[in-house]
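Step one of this worksheet: look at the structure below.
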Amino acid sequence: MAHITPPADCGDGKPRALELSDILRAYGGDYRRESLLFGDQRKVMRDITVCRTPELGGHIDECQAGCGYKAVFYNSCRNRHCPKCQAVASARWLAGRMGRILPTHYFHVVVTLPGELSPLALRNKQVIYNLLFQAGSQALLELAQGYERLKAKVGSPAVLHTWNQELGHHPHLHIVATGGGLDGDGNKWNAAPNSFLVPVKAL
């Protein structure tokens with residue numbers, strides 16, 4: 001069994017916080033041997049492990065004032081799943097989206113691909129995932145417009161997740177739906193009068 005080496009201090013005497021890369025370096029080998037992983041999953045693990053290490057190369061910055069100070073900066077993996085690479089980009093993206101939020105409440109709707117179709121999705125990802133987006137959004141839009149207590153065209157951006165918390169294949173959509181929408185003429189805002197958007201069984 002591998003062990004995690006305590007992170008070195010940051011130069012101020014305080015220990016460096018434990019990172020995902022530390023865990024993958026310690027236990028990643030065991031996990032890969034014991035689990036069925038696809039090529040892209042293995043690549044994510046490898047990229048996070050080597051991110052900002054000598055393995056990816058880097059450069060040296062030297063003080064231009066001539067004091068002799070030098071600092072080594074290693075290259076990042078640039079994988080979108082890597083917390084080191086995407087933290088700043090994610091924060092900037094989120095700040096930009098916050099400015100576009102409508103002044104209404106929202107509902108979180110999850111649409112899951114039936115388990116019987118999971119093997120088919122693994123071999124036809126683009127086709128099946130596109131159909132999942134189409135079916136999920138169309139069902140939500142049709143029900144919201146036909147539901148007597150709402151009758152509105154809701155906004156429903158969706159994000160695809162293909163893994164569950166145990167990293168098993170589990171395609172599902174997370175939909176952030178507006179708590180209301182425009183009426184049939186597009187002139188009036190109909191707010192959702194309930195603590196739910198539409199009846200879940202009907203959806």
Side-chain angles (χ1 to χ4, degrees), residues 19-21 23-51 56 76-94 96-98 100-102 105-147 150 152-179 181 192 196-203:
E19 296 180 346
L20 178 59
S21 57
I23 298 171
L24 290 179
R25 274 190 284 272
Y27 300 106
D30 292 339
Y31 184 78
R32 282 189 292 270
R33 283 188 294 273
E34 298 170 4
S35 307
L36 175 62
L37 298 177
F38 297 98
D40 51 350
Q41 295 171 318
R42 290 179 176 273
K43 184 179 186 304
V44 169
M45 291 182 67
R46 181 189 177 280
D47 286 349
I48 294 175
T49 301
V50 301
C51 186
L56 294 182
S76 61
C77 67
R78 298 188 178 182
N79 191 302
R80 67 188 181 92
H81 299 285
C82 177
K84 287 183 182 178
C85 293
Q86 296 304 316
V88 174
S90 296
R92 288 175 180 165
W93 180 88
L94 185 59
R97 302 294 77 74
M98 291 295 288
R100 301 174 64 180
I101 290 180
L102 297 174
H105 59 296
Y106 287 80
F107 290 95
H108 180 202
V109 181
V110 179
V111 177
T112 304
L113 185 75
E116 295 83 356
L117 296 178
S118 186
L120 187 61
L122 286 172
R123 292 162 180 81
N124 302 275
K125 293 180 181 179
Q126 184 172 354
V127 173
I128 299 299
Y129 294 160
N130 282 341
L131 288 172
L132 180 60
F133 272 101
Q134 293 170 18
S137 61
Q138 183 177 345
L140 183 59
L141 287 172
E142 288 183 6
L143 185 56
Q145 288 175 306
Y147 182 38
L150 184 56
K153 186 175 183 180
V154 299
S156 56
V159 176
L160 172 68
H161 284 189
T162 56
W163 300 351
N164 58 19
Q165 292 183 339
E166 290 76 36
L167 299 184
H169 186 243
H170 181 68
H172 58 284
L173 300 180
H174 288 269
I175 300 176
V176 183
T178 55
F196 59 90
L197 184 63
V198 292
V200 65
K201 288 186 177 181
L203 179 60

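The structure displayed is predicted, hence computed values, not measured ones. Values below: every heavy atom of this structure, side chains too, minus hydrogens, waters and symmetry copies.
- The side chain to side chain donor-acceptor pair (under 3.5 Å) search around Asn79 returns Asp47, not counting sequence neighbours.
- The salt bridge (Lys or Arg N to Asp or Glu O under 4.0 Å) contacts involving residues 76-88 comprise Glu19-Lys84, where partners must be two or more places apart or lie in separate chains.
- Summarising the geometry, atom CZ belonging to Phe196 is positioned 12.0 Å from atom CG belonging to Leu203; distances are rounded to the nearest 0.5 Å.
- Counting heavy atoms from C-beta on, the side chains of Leu197 and Leu140 come closer than 4.5 Å.
- Going from atom CG of Asn124 over to atom CG of Leu117 covers 11.0 Å, rounded to the nearest 0.5 Å.
- Cys51 places a side-chain heavy atom less than 4.5 Å from the side chain of Cys85.
- Taking NZ from Lys125 and CG from Leu120, the interatomic distance works out to 12.5 Å, rounded to the nearest 0.5 Å.
- Here CD1 of Ile48 is found 6.0 Å from CG of Leu24. Values are rounded to the nearest 0.5 Å.
- In this structure the side chain of Leu131 reaches within 4.5 angstrom of the side chain of Gln134, judged on heavy atoms.
- Between Leu37 and Met45, the closest side-chain pair of non-hydrogen atoms falls below 4.5 Å.
- Lys43 and Asp40 are not joined by a salt bridge, as no carboxylate oxygen comes within less than 4.0 angstrom of a charged side-chain nitrogen.
- In terms of modelled atom types and a separation under 3.5 Å, the side chain of Ser35 and the main chain of Arg32 share no donor-acceptor contact.
- Looking at every heavy atom in both residues, Ser156 comes nearest to Ile175 through CB-CG2, 3.6 Å.
- In Arg97, the CZ atom is crowded: over 12 heavy atoms of neighbouring residues, nucleotides or ligands sit closer than 6.0 Å.
- Between the CG atom in Leu122 and the OG1 atom in Thr162 there is a gap of 9.0 Å [rounded to 0.5 Å].
- If you take OH on Tyr31 and CD on Gln41, they are separated by 7.5 Å, rounding to the nearest 0.5 Å.
- For the pair Arg123 (side chain) and Pro119 (backbone), a donor-acceptor distance under 3.5 Å is present.
- Looking at heavy atoms from C-beta onward, Val154 lies out of side-chain contact with Phe107 at the 4.5 angstrom threshold.
- Sorted by first and then second residue, the pairs that involve residues 167-178 and meet side-chain hydrogen bond (donor to acceptor under 3.5 Å, both in side chains), not counting sequence neighbours, are His108-His174, Ser118-His169, Tyr129-His169, His161-His174, His172-His174.
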